[in-house]
Protein chains: 2
Amino acid sequence: MGTEYTTDNMTPEIKAMHEVIYGIDGQRNQAREIQALQDTIYVIGGKWKLPIINSICNGNKRFREIERSIPGITTRMLSRELRDMELNKLITRTVSPGPPVLVEYESTSYCKTFGHIIFEMIKWGIDHREKLKREQ
Amino acid sequence: MGTEYTTDNMTPEIKAMHEVIYGIDGQRNQAREIQALQDTIYVIGGKWKLPIINSICNGNKRFREIERSIPGITTRMLSRELRDMELNKLITRTVSPGPPVLVEYESTSYCKTFGHIIFEMIKWGIDHREKLKREQ
DNA sequence: GTAACCAGTATCACAGAGTATACCAGCAAC
DNA sequence: GTTGCTGGTATACTCTGTGATACTGGTTAC
């Protein structure tokens with residue numbers, strides 16, 4: 001059933017992804033979809049990770065810079081998330097002893113792979129607010 | 001600074017979104033970005049909402065269907081999230097008294113606006129697993 | 001009548017994400 | 001010396017999202 005297609009012309013990566021979503025036989029592979037979605041939620045879930053990633057990708061490097069750019073975050077949470085993200089190789093932390101001591105956080109290429117997700121989420125949020133405005 | 005642009009040709013919606021992201025003067029509006037991102041996280045955050053949305057959008061309508069399609073979820077959490085999502089008009093719940101009683105959940109158009117986010121998250125999750133496989 | 005399914009509810013438990021608030025050493029600016 | 005900033009840490013606490021497990025009434029299939 002379903003439309004005919006050929007994967008002959010695809011690159012190996014695209015072909016693999018296609019086969020995960022649609023399966024070998026072209027049927028939607030719901031089990032793989034849900035697994036992928038849950039994997040992603042596991043990695044970037046929580047209240048603060050994406051805002052911190054977004055802030056650093058926007059060029060904020062310093063602890064207080066990042067803190068100021070995210071309304072509502074506490075130093076406790078920021079510190080904890082930064083450490084966790086460094087361990088998971090989402091960001092790098094570079095210390096220049098100075099004086100004064102200078103610590104800089106930067107995104108890794110792995111971190112940047114969330115760009116599309118963050119972009120879609122920002123778009124949704126903006127559009128949502130526009131819609132709420134129009135409904136008033 | 002930055003590249004010149006004109007918004008004259010844009011639809012009102014696109015123009016409004018453009019101005020939120022870039023501001024009137026074309027500069028990135030980080031404050032609006034973070035607000036939009038936090039709004040989105042507020043609405044769809046948590047471990048189960050997106051998997052449930054995805055399951056219902058994939059055509060699962062019945063409580064146990066949805067339950068079976070999401071590994072790890074408990075009836076407690078599913079019931080709770082479905083109620084919450086119905087209250088927030090993400091889904092509709094239709095009861096046919098039967099016998100036997102038949103309850104069907106369906107996504108609303110509002111619910112479907114998360115499609116792009118979910119798609120990007122599934123893509124990321126699939127790509128991430130492919131990369132891990134290649135690194136072994 | 002027994003088993004299985006449907007669509008949940010009930011009850012108890014708790015881990016950990018998140019919060020509130022104060023504080024620290026070192027440095028710079030005045 | 002006082003104030004402000006940096007880059008956090010310390011401590012106690014909250015609370016909520018989540019989990020585990022058993023259970024319910026109604027129905028169907030055999």
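Every chain is numbered from 1 and lettered A, B, ... according to where its sequence line falls, protein lines coming before strand lines. Reckoned from all heavy atoms, side chains included, excluding hydrogens, waters and symmetry mates.
Of all non-hydrogen atoms in B/I41 and A/P51, the two that sit nearest each other are CD1-CD, 3.6 Å.
For the pair A/R62 CZ and D/dC5 P, the computed distance is 14 Å after rounding to whole Å. Distance CD1 (A/I73) to P (C/dA17): 14 Å, rounded to an integer number of Å. If you take CD of A/E81 and C1' of C/dG18, they are 10 Å apart, rounded to a whole angstrom. Atom CE in A/M77 sits roughly 13 Å away from atom P in D/dT9 (whole-Å rounding). The distance from atom CD of B/E67 to atom P of C/dG8 is 11 Å, rounded to the nearest whole Å. Rounded to whole Å, atom C1' of D/dG8 lies 12 Å from atom CD1 of A/I66. Summarising the geometry, the separation between CG on B/L102 and P on D/dT28 is reported as 12 Å, rounded to the nearest angstrom. Atom P of nucleotide C/dG8 and atom CG of B/L78 are separated by 9 Å, given to the nearest angstrom.
Contact of B/R76 with C/dG8 (side chain to base): no donor-acceptor pair of N or O atoms is detected under 3.5 Å. The base of C/dT21 has none of its N or O atoms less than 3.5 Å from a complementary donor or acceptor on the side chain of A/T74.
Under a 3.5 Å cut-off, the side chain of A/E65 and the backbone N or O of A/R62 do form a donor-acceptor pair. With hydrogens and angles disregarded, a donor-acceptor distance shorter than 3.5 Å links the side chain of B/N88 to the backbone of B/D84. Between the B/T40 side chain and the A/M121 main chain, a donor and an acceptor come within less than 3.5 Å of each other.
Ion pair A/K61/A/E106 flagged as a salt bridge, since at least one NZ, NE, NH1 or NH2 atom sits closer than 4.0 Å to an Asp/Glu carboxylate oxygen. Salt bridge status for A/E81 with A/K49: present, with a side-chain N to carboxylate O gap under 4.0 Å. The existence of a salt bridge linking A/E67 and A/R64 is confirmed by a sub-4.0 Å separation between a basic side-chain nitrogen and an acidic carboxylate oxygen.
Taking only side-chain nitrogens and oxygens, B/W48 never comes nearer than 4.0 Å to OP1 or OP2 of D/dT16. Contact annotation: A/S79 reaches the phosphate of D/dT9 (side-chain N/O to OP1 or OP2, under 4.0 Å). The side chain of B/R64 places no N or O atom within less than 4.0 Å of a non-bridging phosphate oxygen (OP1 or OP2) of C/dG8. Checking the phosphate oxygens (OP1, OP2) of D/dG8, a side-chain nitrogen or oxygen of A/Y105 falls inside 4.0 Å.
Residue-level contact check: A/R80 touches the bases, meaning some heavy atom is under 4.0 Å from a base atom. Across all strands shown, A/E104 has no heavy atoms under 4.0 Å from either base or sugar-phosphate atoms. Residue contacts for A/E65: at a heavy-atom cut-off of 4.0 Å it reaches no nucleic acid atom on any strand shown.
Among C/dA7, D/dT27, D/dG8, the nucleotide with an atom closest to any side-chain atom of A/F63 is D/dG8. Candidate nucleotides D/dT27, D/dT9, C/dG8 were compared by shortest atom distance to the side chain of B/T75, and C/dG8 ranks first. Which of D/dG8, D/dT9, C/dC6 sits closest to the side chain of A/R83 comes down to D/dT9.
The distance between the ring centers of A/Y110 and B/H128 falls below 6.0 angstrom.
Contacts between residues 38-47 of chain A and DNA chain C, defined by a heavy-atom separation under 4.0 Å, are made by A/G46, A/K47.
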